[in-house]
Participant: 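Please see the structure below; I have some questions.
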Amino acid sequence: MRGMHDLLPGPIARWQHFESTARAVLGCYGFEEIRTPLLERTELFVRSIGGATDIVEKEMYSFPDRDGDSLTLRPEQTASCVRAGIENGFIHLGVHRLWYMGPMFRHERPQKGRFRQFHQLGGEIFGPPGPEADAEIILVTARLWRRLGLDGLRLELNSLGTPDSRRAYRSRLAEYLLDRRADLDEDSRRRAETNPLRVLDSKNPDLQGVIEAAPKLLDALDPESRDHFDTLRAMLEEAGVPSTVNPRLVRGLDYYTKTVFEWTTDRLGAQNAVCGGGRYDGLVEEIGGAPTPGVGFSAGIERLVALLAESGAGAEPAPPAAWVAAVGPAAARVAPAVAEELRDAGMSAVLDAGEGGFRAKLRRANRSGAGFAVIVGDTEAAAGEVSIKPLRADRPQRTVPRAALKDTLAAWLPPGGPQER
RNA sequence: GUGGGCGUAGCUCAGUCGGUAGAGCACCGGAUUGUGGCUCCGGAGGUCGCGGGUUCAAUCCCCGUCGCUCACCCCA
């Protein structure tokens, strides 16, 4: 399937590293995990993301189910979190910080860093209206990058104001743009009417003059939003997280109010945003809950893992401590039990299940990266013994009674680790 | 949704001015009847993405299609 990929055993090591790091970091900020269905009613996304956005207009996987309801594979998960919070009442029960991780679906043309099924890590804070929550959302992501060892990420901030001031600005901007219709390209002419804020984000060099001279969103902010924004910037500065203000940052989802932000990199080509988010004070009410402010982030896992791969961080899967190679009918009968004894003792062991003689089995043992080969031939089996051959160290092979296997191996293994390298 | 590049062995890629294919790595076996890594020898593995067209003959040329890739667009 186009834009959908298998995640194979080798590369998955970096994903697991990312996932465990994310769990740990989110946990230490008091976030709790939530898992929601991959499918929601289409209406949920139309109401939350906005009918005039690209996501809703042309990117959703929507289809009628057997009852005739229109369902959609989630293109993002904030709306699902809000819906779940309303339906289960926990937004009012003191659970205010949620995180999620999982697949999202958007029918876009695939390219570097952009897929039709992709994965996001996200966090949401419901309830607090002040900039402290915005700061927590941004600080938790900043710490995650630090913990992952990612550098070179830039934080861009903007404020869209309250719905009222945003609406007022929006019509002023539309007016300005329509006055200059002749200077706009086709896309921008259409957006000037449907979603004028998006015009500010255009990369078309011919439009930069018009955009420069356009009324500034930040100049149009209401005093409350202005104060919220300034306080947030001061908090981030005090916490040692540098940011730059990008007045053109508008984001593609309609539910944002006041703060919006993006973490970007210059190492991933055209798809340079690795994380984005913002405040959405009207969303809970829009979806049918009691008016409740909220703020959140979502991060693209494929893109972050690509950055991890570039910096060469954490990759190798751990090889087993021992490889159990048995040759001959009597040996084959006891080999599974020998492997189980090692696992009982807390050591990892792989029982060779392949064809061939000693030669083939030892070759597989070596290739597996195992520290030791535990060899059982019919001679050993008859005597109730096993042979232990170190594969990574220059030590002689030893033959010991089966009962002494795990102690001999444990004595050879380094005290700290599960196996020798 | 628009445009460019690319699909040949498990992987990375050659190649055929149209006569049905090759290397390196990996894999399997042997040299070493019960012992890996190094070396040497041998072997296996391909509907040349798929479908159609032109041709005596297509992996090669043409059309379509699917997939990958990069950019636009958009975003994570």
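Note on naming: letters A, B, ... go to the chains in the order of the sequence lines (proteins, then strands), and numbering restarts at 1 for each one. Computed from a prediction, not measured in an experiment: that's the story for all the values here.
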Participant: rG67(B) and rC48(B): how far apart are their C1' atoms, nearest whole angstrom?
Facilitator: 16 Å
Participant: Which value, in whole Å, describes the distance between the P atoms of nucleotides rC60(B) and rC25(B)?
Facilitator: 30 Å
Participant: Rounded to whole angstrom, note down the P distance from rC61(B) over to rA26(B).
Facilitator: 33 Å
Participant: Given rG36(B), rU35(B), rC74(B), which nucleotide is nearest the side-chain atoms of Asn366(A)?
Facilitator: rG36(B)
Participant: What's Ala360(A) touching, base or sugar-phosphate or nothing? Going by heavy atoms closer than 4.0 Å.
Facilitator: sugar-phosphate
Participant: Tell me whether the OP1 or OP2 atom of rG29(B) has a side-chain N or O from Arg359(A) closer than 4.0 Å.
Facilitator: no
Participant: Could you tell me the separation between the CG atom of Asp394(A) and the C1' atom of rG36(B), rounded to a whole number of Å?
Facilitator: 14 Å
Participant: Indicate, with a heavy-atom threshold strictly under 4.0 Å, whether Val274(A) touches base, sugar-phosphate, or nothing.
Facilitator: sugar-phosphate
Participant: Could you tell me the Watson-Crick or G-U partner of rA9(B), where both distances fall under 3.5 Å? Say none if there is no partner.
Facilitator: none
Participant: Return the nucleotide paired to rC75(B): Watson-Crick means purine N1 to pyrimidine N3 with N6-O4 or O6-N4, wobble means G-U with N1-O2 and O6-N3, both under 3.5 Å.
Facilitator: none
Participant: Nearest to the side chain of Arg367(A), heavy atoms from C-beta on, is which of rC74(B), rG36(B), rC27(B)?
Facilitator: rC27(B)
Participant: Say we look at rG5(B) and rC41(B): how far apart would their P atoms be, to the nearest angstrom?
Facilitator: 43 Å
Participant: If each of Gln271(A) and Lys389(A) is mapped to the nucleotide of RNA chain B with the nearest heavy atom, which maps nearer the 5' terminus, i.e. the 5' end?
Facilitator: Lys389(A)
Participant: Which one, rC68(B), rG36(B), rA76(B), comes nearest to the side chain of His5(A)?
Facilitator: rC68(B)
Participant: Give the nucleotide from the list rA76(B), rG67(B), rA71(B) with an atom nearest to the side chain of Glu108(A).
Facilitator: rA76(B)
Participant: Categorize Gly113(A) for me: base, sugar-phosphate, or nothing, with a 4.0 angstrom heavy-atom threshold over every strand shown.
Facilitator: base
Participant: Measure the spacing between CG of Leu38(A) and CD of Gln117(A) and express it to the nearest 0.5 Å.
Facilitator: 7.5 Å
Participant: What is the distance from atom CD1 of Ile55(A) to atom CD of Glu76(A), rounded to the nearest 0.5 Å?
Facilitator: 6.5 Å
Participant: Give the rounded distance in Å between these two atoms: CD of Glu262(A) and C1' of rC75(B).
Facilitator: 8 Å
Participant: Please determine if a side-chain N or O atom of Arg109(A) lies less than 4.0 Å away from the OP1 or OP2 oxygen of rU69(B).
Facilitator: no
Participant: Contact class for Leu253(A) vs. all strands (heavy atom < 4.0 Å): base, sugar-phosphate, or nothing?
Facilitator: sugar-phosphate
Participant: For Asn272(A) and Thr265(A), test the side chains for any donor-to-acceptor distance below 3.5 angstrom and give the result as yes or no.
Facilitator: no
Participant: Kindly point out which of rG67(B), rA76(B), rG36(B) is positioned nearest to the side chain of Phe118(A)?
Facilitator: rA76(B)
Participant: Does any nucleotide pair with rA57(B) by Watson-Crick or G-U wobble geometry, both distances under 3.5 Å, and what is it?
Facilitator: none
Participant: With a 4.0 Å cut-off on heavy atoms, is Ala365(A) in touch with a base, just the backbone sugar-phosphate, or nothing at all?
Facilitator: nothing
Participant: For rU65(B), give its Watson-Crick or G-U wobble partner with both distances under 3.5 Å, or none.
Facilitator: rG49(B)
Participant: How long is the gap from CZ on Phe115(A) to CE on Met1(A), to the nearest 0.5 Å?
Facilitator: 15.5 Å
Participant: Quick one: does Arg97(A)'s side chain have a donor or acceptor within less than 3.5 Å of a partner on Leu26(A)'s backbone?
Facilitator: no
Participant: Between Phe105(A) and Tyr61(A), what is the ring plane arrangement, given parallel below 30°, perpendicular above 60°, and tilted in between?
Facilitator: perpendicular
Participant: Between rC72(B), rA76(B), rG29(B), spot the one nearest the side chain of Arg251(A), thanks.
Facilitator: rA76(B)
Participant: In Watson-Crick or G-U wobble terms, both distances under 3.5 Å, what is the partner of rG3(B)?
Facilitator: rC70(B)
Participant: Scan every strand shown for a Watson-Crick or G-U wobble partner of rU20(B), both distances under 3.5 Å, and answer none if you come up empty.
Facilitator: none
Participant: To the nearest 0.5 Å, what is the distance between CH2 on Trp263(A) and CD on Glu156(A)?
Facilitator: 11.0 Å
Participant: Would you measure the distance from the C1' atom in rC74(B) across to the matching atom in rC13(B) and give it in whole Å?
Facilitator: 35 Å
Participant: Nearest whole Å is fine: how far is rC70(B) P from Phe115(A) CZ?
Facilitator: 8 Å
Participant: Could you tell me the separation between the CD atom of Glu355(A) and the P atom of rG29(B), rounded to a whole number of Å?
Facilitator: 10 Å
Participant: Send over the distance from Lys112(A) NZ to rC70(B) P, rounded to a whole Å.
Facilitator: 5 Å
Participant: Could you state the CG-P distance from Leu362(A) to rG37(B), rounded to the nearest angstrom?
Facilitator: 9 Å
Participant: rA71(B) and rA58(B): how far apart are their C1' atoms, nearest whole angstrom?
Facilitator: 33 Å
Participant: Compare side-chain N and O positions of Gln111(A) against OP1 and OP2 of rA71(B) and report whether any pair is under 4.0 Å apart.
Facilitator: yes
Participant: Answer yes or no: does a side-chain N or O of Arg114(A) lie under 4.0 Å from OP1 or OP2 of rC74(B)?
Facilitator: no
Participant: Please check if the distance between the ring centroids of Trp323(A) and Phe372(A) is under 6.0 Å.
Facilitator: no
Participant: Any donor-acceptor pair under 3.5 Å joining the side chain of Asn272(A) to the base of rC75(B)?
Facilitator: yes
Participant: Could you check which nucleotide pairs with rA14(B) in any of the strands shown, counting Watson-Crick or G-U wobble with both distances under 3.5 Å?
Facilitator: none
Participant: Determine whether a donor-acceptor pair (N or O, by modelled atom type, separation under 3.5 Å) exists between the side chain of Asn88(A) and the backbone of Ala84(A).
Facilitator: yes
Participant: Arg364(A) or Tyr256(A): which one's nearest nucleotide on RNA chain B is closer to the 5' end?
Facilitator: Arg364(A)
Participant: For Gly3(A), answer base if it contacts any base atom (sugar-phosphate contacts may also be present), sugar-phosphate if it contacts only those atoms, and nothing otherwise; contact means non-hydrogen atoms under 4.0 Å.
Facilitator: sugar-phosphate
Participant: Using the P atom as the point on both nucleotides, what is the distance between rC11(B) and rC50(B), in whole Å?
Facilitator: 15 Å
Participant: Among rC72(B), rC75(B), rG29(B), which is the nearest nucleotide to the side chain of Arg303(A)?
Facilitator: rC75(B)
Participant: CD of Glu59(A) versus P of rC75(B): gap in Å, rounded?
Facilitator: 8 Å
Participant: So which nucleotide does rC38(B) pair with, by the Watson-Crick or G-U wobble rule with both distances under 3.5 Å?
Facilitator: none
Participant: Kindly say whether Ile287(A) contributes a backbone atom to a donor-acceptor pair with the side chain of Arg83(A) at under 3.5 angstrom?
Facilitator: no
Participant: Counting any heavy atom closer than 4.0 Å, what does Met104(A) reach on the DNA or RNA strands: base, sugar-phosphate only, or nothing?
Facilitator: nothing
Participant: Can you tell me which nucleotide in rC70(B), rG36(B), rA76(B) comes closest to the side chain of Ala273(A)?
Facilitator: rA76(B)
Participant: How far does the P atom of rC70(B) sit from the matching atom of rG53(B), given to the nearest Å?
Facilitator: 35 Å
Participant: Using whole Å, what does the distance between atom P of nucleotide rG36(B) and atom CZ of Arg392(A) come to?
Facilitator: 14 Å
Participant: What's Arg106(A) touching, base or sugar-phosphate or nothing? Going by heavy atoms closer than 4.0 Å.
Facilitator: base
